[in-house]
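Below is one structure, written out as structure tokens; the observations come after it.
As the structure is a computational prediction, the values presented were derived from the model and not from experiment. Note that ligands are numbered from 1 as they come in the structure, with each ligand's atoms numbered from 1 the same way. Position 1 is the first residue of the sequence, and the numbers go up from there.
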Amino acid sequence: MKPTTSPKTYRVKSFGCQMNVYDGERMAEMLGEQGITPAPEGEEADLVVLNTCHIREKAAEKVYSDIGRLTKAGREAGKEPLIAVAGCVAQAEGEEIMKRSPAVSMVVGPQAYHRLPEMLDKAVKGERATDTDMPAIAKFAALPERRRTNPASFLTVQEGCDKFCTYCVVPYTRGAEISRPYSDLVTEAKKLVDAGAKEITLLGQNVSAWSGEDEKGHGVGLAGLIRDLAKVEGLARIRYTTSHPADMDDDLIAAHGEIDKLMPFLHLPVQAGSDRVLKAMNRSHTAESYLRLLERFRAARPDLALSGDFIVGFPGETDAEFEETLALVDEVKYAQAFSFKYSPRPGTPAATMEGQVAKEVMDERLQRLQAALNRDQLAFNEASVGKTCEVLVERKGKHAGQWLGKSPWLQSVWFEGDAQIGDLVQAELVEAGPKSLAGKLRETVAA
Ligand code: 5AD
Ligand code: SF4
């Protein structure tokens, strides 16, 4: 590495889950505090942070192709950017990245990115640095205060996972479950609202395992935290993700029926419909116990929209077992869902299991599953037509005068008319598409 001048502009590129989006925003804030500004659209940045995802092979490969693209663009422009690799690929493959990609000067794991400014000082002097320590909670205390945000913001309340599903790298890359302290979360939520947030999504790999102590020293779970955040003035909507069926307690179910600000939406991954596969995945639920749990949520909040995650082609999955996934989908009728082909991850138990499923079989299963999920999503959207609901305006649409926002059920709604980003408007849902709905503006509730 040659010494270089201090970077003036940065770009943070986040891949993967919403937790990475949150981390990316916090890194951007930190770089802002160092006097570095976001690179204008279309211009190469002096410093690029690739905030990577390791959950599936395809996601992890992106980092190497991105490094190649950046180095080439930099060479052509006569100035190569400083490159930092952050996120879960950094955690899992830090040393390999350093060996394989001389253009990378910083490798920083998801629990260590608060040290990015120190690493940057070294990088400017031509030194390369890797930091994949896992001090967990220390990171949050070392980050600058929240000063800017979007109308729909993320707030990481919990990190890591102790579930050890046999296909998943998260317990290795993000570490053991930790909950951020109650008071820090209330403070950060208030700051986000002061900065313009109308909606906050509480994030955690296993968010329903969050626990803490309120200001009176009483133990509280996620439902208690949501109840208290609902008292924050100016905050209109609360969501949370991602939950594990094993950690959903009565209090959280009840909260869905009692707290208006808690949106009628639940993302609850099931992964598969076969009990044998679920057991091999080390999921602690069965298809039946999952369905019964959903029934209880729906009893508390009848208009609840459901979302899930699915993996097809887990080692040993037979055709008949895959059919059980389709049967479960038919029964639940998801409003939306994410589905993936199984991807063997190094170091996870499933990667060395017998009965790895052929790619063509996975392709076919994924196609069939997605056709069923798309059918249900469209049906859910069509059933919403005629309703008038609140839409939080998040950004401008493609055409002039068009706005894009989210319904309480997390559907994308676009409409035309007098509005601005951050408005909560009343819109009648007039037309349904597979991924979004058209709305007609009624009245603005609050700016
Ligand atoms: N292969 C495919 N999908 C995976 N997921 C996690 N690990 C893997 C893997 N090895 C999916 C799960 C999880 C979501 C975030 O990613 O469905 O819920
Ligand atoms: Fe991964 Fe399972 Fe933990 Fe989710 S619950 S992060 S799938 S180990």
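Protein residues with a heavy atom under 4.0 Å from ligand 1 are Ile55, Arg56, Tyr167, Gln271, Asp309, Ile311, Phe340, Lys341, Tyr342, Ser343, Arg345. The contact shell of ligand 2, taken as protein residues with any non-hydrogen atom closer than 4.0 angstrom, comprises Cys161, Lys163, Phe164, Cys165, Tyr167, Cys168, Val170, Pro171, His244, Arg283.
Among residues at least two apart or in separate chains, salt bridge (Lys or Arg N to Asp or Glu O under 4.0 Å) pairs with a member in residues 346-368 are Glu317-Arg365, Asp319-Arg365, Glu323-Arg368, Lys341-Asp363, Lys359-Asp363.
Aromatic ring pairs are classed by plane angle as parallel below 30°, tilted from 30° to 60° and perpendicular above 60°; the pair Tyr182 and Trp210 is tilted. The aromatic rings of Phe140 and Tyr22 sit tilted, their planes meeting at an angle between 30° and 60°.
If you check the side chains of Thr241 and Gln18, you find no donor sitting under 3.5 Å from an acceptor. Side-chain contact check for Asn381 and Gln411: at least one donor-acceptor pair (N or O, by modelled atom type) lies under 3.5 Å.
Arg301 pairs by the salt bridge (Lys or Arg N to Asp or Glu O under 4.0 Å) definition with Asp303, not counting sequence neighbours.
A ring-centre distance under 6.0 Å is not found for Phe314 and Phe340.
More than 12 heavy atoms of other residues, nucleotides or ligands shown are found within 6.0 angstrom of CD on Glu33.
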* Asked: Please walk me through it: do Arg115 and Asp133 pass salt bridge (charged side-chain N to carboxylate O under 4.0 Å, His left out)?
  -> CA-CA 10 Å; Arg115 301 201 193 114; Asp133 268 7; 3.7 Å; yes
